[in-house]
Amino acid sequence: MTETTTRTAPDSGTEVTLPVHTDLLRLATAGSVDDGKSTLVGRLLHDTKSVLADQLDAVHQASADRGLATPDLSLLVDGLRAEREQGITIDVAYRYFATPKRSFVLADTPGHVQYTRNTVTGASTAQLAVLLVDARNGVVEQTRRHAAVLALLGVPRLVLAVNKIDMVDFDEATFTRIAEEFSAHAEALGYAGDEVVTIPVSALLGDNVVERSDNTPWYSGPSLLEHLESVPVAPDPHDAPFRMPVQYVIRPRTAEHPDYRGYAGTIGAGVVSPGDEVVVLPAGLRTKVTKVDTADGELEQAAAGHSVTLLLDNDVDISRGDLIAAADTAPAPTDELDATVCWLAEKALNPGQKVLVKHGTRTVQAMVTELSARFDEQQLSSVAAPDSLRLNEIGRVQLRTSEPLPVDDYAESRRNGAFLVIDPSDGTTLAAGMVGDPLAPFAQ
């Protein structure tokens, strides 16, 4: 019998029983409005038998109430009332599903320009992104914008799903033209040829989604699911330097644990074991790990993504917001950040603006000292010294923080090289930031 595990979807609270796999793929969808992302995700869930009977009955009933002859599979994903009423995705919808070959965590992200910020959220941890285009429209402005955001976030592999291929009578020439145009754009963004795959699909009818379609005899590649099941995706790099932001200091002070002092957090990168020498940043205090504790008992080793409590061999001064890092590869704390940001707010970013920077579990005051460049994701070029950054624009900025932060370059550590820019007046997120210049190879 196959071993199973139960997981709870973060957005819906639905519990799903999945086979246990060591092979897990985190993927995200992206694309323009009405390109069919939610329908494609719904088709994947439906055709892989990952939908509960009551969910499917509800979709059939809602579709019938709308006068539809066939079930609207997008309703399996669009959970918010506003999404169902407008027929567009607004929030990021996470779904878990599995096949005998692999388990998947899928983030269905919005396509509307207004919700590009949600696309950044959904794609920030993805190992692969499925970017949809409508076969009737081809590569459009939002396609290029999403591709640039995915490249900026370091998503290592892309699938271009040319959807609604049935609406162009399964025309090979249309598919080839779109594939060649996008491949050239992706290559300019730094993707190698084998990192981008283009597949003709019909999310509505199911062509090339789970099973290969007889309607595209000219296409010899895999179906979308076949590709997702077999694509080689590197796991979280266990050889990366160890990093763990401290979320909470645990001191029970009970009769059973009178002297227990543990430092809880989620490992952002690398591995840790008892005996490892670490440094606490930004103070720079060195110590050793004596125990890696969890709610289920001690571990001999823990890796990126594990939530653990570390016990150290001496009582150093540690609090929430500190970073515990491998002693021999620790980043040097700095109060000057040279970074790239994707601006996510309606109001513009201007030099001299005061903001908050959230890095790991630490939030500090900061000032924008310079806007050095704005990246044109349509032309793949840079505009030097812009006056401001506006909604969905990507740019290079310099920030001076009130306290030093132990950051890595984003190219070396996606977790410890990322930060958020926050409005100090109301706490809203203004930008997603990456230390360094991830777009340097092509933003000339």
### Message
Quick check for you: to the nearest 0.5 Å, what is the distance between Leu430 atom CG and Cys342 atom SG?
### Response
12.0 Å

### Message
Other residues, nucleotides and ligands only: do more than 12 of their heavy atoms fall within 6.0 Å of CD on Glu187?
### Response
no

### Task
Look at atom CZ of Arg415 and say whether more than 12 heavy atoms of other residues, nucleotides or ligands are closer to it than 6.0 Å.
no

### Task
Keeping the roles fixed (side chain from His227, backbone from Leu224), state whether a donor-acceptor pair exists under 3.5 Å.
no

Quiz: residues 267-274 side-chain donor-acceptor pairs under 3.5 angstrom, not counting sequence neighbours:
| unit_1 | atom_1 | unit_2 | atom_2 | d |
| --- | --- | --- | --- | --- |
| Ser273 | OG | Glu300 | O | 3.2 |

### Query
Of Leu45, Leu44, Thr39, which meets side-chain contact (heavy atoms from CB on, under 4.5 Å) against Val41?
Leu45

### Query
Donor-acceptor pair, His146 side chain versus Gly31 backbone, under 3.5 Å?
yes

### Query
With distance as the sole criterion, is a donor-acceptor pair present between the side chains of Asp313 and Thr287 under 3.5 Å?
yes

### Message
Donor-acceptor pair, distance only, cut-off 3.5 Å: does the side chain of Arg136 make one with the backbone of Lys164?
### Response
no

### Query
Does atom OH of Tyr248 have more than 12 heavy-atom neighbours from other groups under 6.0 Å away?
no

### Query
Okay, side chain of Thr361, backbone of Val246: is any donor-acceptor separation there less than 3.5 Å?
yes

### Query
In Å, rounded to the nearest 0.5 Å, how long is the span from CD1 of Ile324 to CE of Met244?
4.0 Å

### Query
How many angstroms lie between OG1 in Thr266 and NE2 in His306, if you round to the nearest 0.5 Å?
10.5 Å

### Query
Hey, does the side chain of Arg144 reach the backbone of His185 with a donor-acceptor pair shorter than 3.5 angstrom?
no

### Task
Give a yes or no on whether the backbone of Ala203 and the side-chain of Arg43 come within a donor-acceptor separation of less than 3.5 Å.
yes

### Task
Please say whether more than 12 non-hydrogen atoms of neighbouring residues, nucleotides or ligands are located less than 6.0 Å from CG in Asp194.
yes

### Query
Above 12 or not: heavy atoms from other molecules or residues under 6.0 Å from CZ of Arg390?
no

#### Entry: Expected output: side-chain Ser183 to main-chain Glu180 donor-acceptor under 3.5 Å
no

### Query
Considering residues at least two apart in sequence or located in another chain, which fulfil the side-chain hydrogen bond (donor to acceptor under 3.5 Å, both in side chains) criterion with Arg374?
none

#### Entry: Pairing of Asp335 and Arg400 as salt bridge, 4.0 angstrom limit
no

### Other residues, nucleotides, ligands: >12 heavy atoms within 6.0 Å of Asn314 CG
yes

### Query
Hey, what do you get for CZ (Phe242) to CG (Asn416), rounding to the nearest 0.5 Å?
11.0 Å

## Note on the structure
Sorted by chain and residue number, the side-chain hydrogen bond (donor to acceptor under 3.5 Å, both in side chains) partners of Lys354 (sequence neighbours excluded) come out as none

### Side-chain donor or acceptor of Arg396 paired with backbone N/O of Thr340 under 3.5 Å
no

### Message
Quick check for you: to the nearest 0.5 Å, what is the distance between Leu371 atom CG and Trp343 atom CH2?
### Response
9.0 Å

### Query
Can you check whether Pro232's main-chain N or O pairs, donor with acceptor, with Arg157's side chain at less than 3.5 Å?
yes

### Query
How about Thr294 and Asp296: does a side-chain donor come under 3.5 Å of a side-chain acceptor?
no

### Task
Look at the side chain of Ser32 and the backbone N and O of Asp35, then say whether any donor-acceptor pair between them is shorter than 3.5 Å.
no

### Task
May I ask you to decide whether Lys288 forms a salt bridge with Glu277, counting only side-chain N to carboxylate O separations under 4.0 Å?
no

